[in-house]
Undergrad: 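Below is a structure I'd like to ask you about.
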Amino acid sequence: MADKRRQSTKQRGSIYTAAYEGDSFVQHFEKRGAREVIIMDATGKPLRSTVSQRRTFVYAAQLHPLAKMARNVVRDLDPANDVTFLRIRSETHEVHMSLNPEFMVVVIQKLKLRKR
């Protein structure tokens, strides 16, 4: 049965494993072009992810300290402000981070390259 679900996932062109098949949260991001979705708690521990465990921990280890540094910079400039959203863009990917005192949602998109 599991092989059948994996086949149907591959046939649809989905980027996620069969474990997330039918998950409306994941489907919402998939429709908008998201490649990977990671949810972390306030300490940076991954709670849920659509990528491999190894890759999840790599992203968590790099993005959580970055978010803390960004929050500290903003608070140093104005203690009344706080970072709620962080967007990082490279030539090939875009990382969106929604920051909350209780959790952090990270969405990674692969950009469509335009021919010049």
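Numbers for residues simply follow the sequence, beginning at 1. What you are looking at is a predicted structure, and each value in this text was computed from that prediction instead of being measured.
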Undergrad: About how many Å separate CZ of Phe103 and CG of Leu47, when rounded to the nearest 0.5 Å?
TA: 10.0 Å
Undergrad: Would you say Leu63 ends up clustered with Val58 if hydrophobic residues are merged whenever their side chains have heavy atoms under 4.5 Å apart, either directly or through other cluster members?
TA: no
Undergrad: So how far is it from Thr43 OG1 to Lys68 NZ, rounded to the nearest 0.5 Å?
TA: 9.5 Å
Undergrad: Taking side chain as C-beta onward, heavy atoms only, is Arg71 less than 4.5 Å from Asp82?
TA: yes
Undergrad: Could you tell me whether Arg55 and Glu36 have a side-chain N and a carboxylate O separated by less than 4.0 Å?
TA: yes
Undergrad: Between Ile38, Ile108, Val37, which is the residue that forms a side chain to side chain contact (heavy atoms under 4.5 Å, CB included) with Thr50?
TA: Val37
Undergrad: Same hydrophobic cluster for Ile88 and Met69, using side-chain heavy-atom links shorter than 4.5 Å among ILVMFWY?
TA: no
Undergrad: As an exercise, state the distance from OG1 of Thr84 to CE of Met97, rounded to the nearest 0.5 Å.
TA: 12.0 Å
Undergrad: Does any donor atom in the side chain of Gln109 or His96 lie under 3.5 Å from an acceptor atom in the other side chain?
TA: yes
Undergrad: Could you tell me which non-hydrogen atom of Pro46 sits nearest to which non-hydrogen atom of Met40, and how far apart they are?
TA: CA-CG, 4.0 Å
Undergrad: Answer yes if Phe57 and Leu66 sit in the same cluster of Ile, Leu, Val, Met, Phe, Trp and Tyr residues linked by side chain heavy atoms under 4.5 Å apart, and no otherwise.
TA: no
Undergrad: Kindly work out whether a path of hydrophobic side-chain contacts (I/L/V/M/F/W/Y, heavy atoms less than 4.5 Å apart) joins Leu99 to Val74.
TA: yes
Undergrad: If you compare all heavy atoms of Gly44 against all heavy atoms of Ala60, which two are closest, and at what distance to 0.1 Å?
TA: O-CB, 3.6 Å
Undergrad: Going only through I, L, V, M, F, W and Y residues with side-chain contacts under 4.5 Å, is there a path from Leu111 to Leu86?
TA: no
Undergrad: Please round to the nearest 0.5 Å and tell me the distance separating atom OG of Ser49 and atom OH of Tyr59.
TA: 9.5 Å
Undergrad: Roughly how far, to the nearest 0.5 Å, is CG of Asp76 from CG of Asn81?
TA: 12.0 Å
Undergrad: May I ask you to decide if Met104's main-chain N or O and Asn100's side chain share a donor-acceptor pair within less than 3.5 Å?
TA: no
